[in-house]
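Along the sequence shown, residues are numbered consecutively beginning with 1.
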Amino acid sequence: MKKRSAAICAAACVLGLTACESDLGARMEIAALNTVIGMGTVFAVLILIIGVISLFRFIPMIQDRLGSKKKAAVQVNAETAQTVDSQEDAEDVSDDLELVAVIAAAIAASEGAASTDGFVVRSIRRVNRIKRA
């Protein structure tokens with residue numbers, strides 16, 4: 001056990017971490033140096049954290065810029081969708097048999113039926129939904 005502790009003490013003395021064989025004054029110097037290095041490291045990290053936190057005030061500005069670009073893209077898409085909707089409104093959907101077949105199939109699937117033989121579609125009405133911006 002003494003050989004191991006002697007080897008550890010020798011390695012620590014070579015690295016300058018401790019003063020194994022020296023007097024109290026040399027050990028106090030090394031202890032003070034270790035304290036200063038430790039406290040300096042802590043303060044450096046705290047200053048770094050303060051810097052990062054101070055940059056948080058720029059995040060809303062960046063989000064606003066990105067949001068305005070997205071809003072502009074959404075507005076362009078909404079305008080094109082409105083023109084497409086206006087074109088679709090002009091079409092006569094009273095004889096659209098494919099749409100009726102799809103709706104009947106969806107009703108049959110939700111009811112769990114295998115076929116649409118028992119279903120009769122009496123009327124189809126468009127529901128006006130409020131469009132959110």
CD1 (Ile53) and CG (Leu48) are apart, to the nearest 0.5 Å, by 10.0 Å

For Met61 and Arg57 the tightest heavy-atom approach is CE-O, 3.6 Å

Output for pair (Glu29 CD, Asp23 CG), nearest 0.5 Å, gives 8.5 Å

CG (Leu33) and CD1 (Ile37) are apart, to the nearest 0.5 Å, by 4.0 Å

dist Ile62:CD1 -> Leu55:CG (nearest 0.5 Å) comes out at 9.0 Å

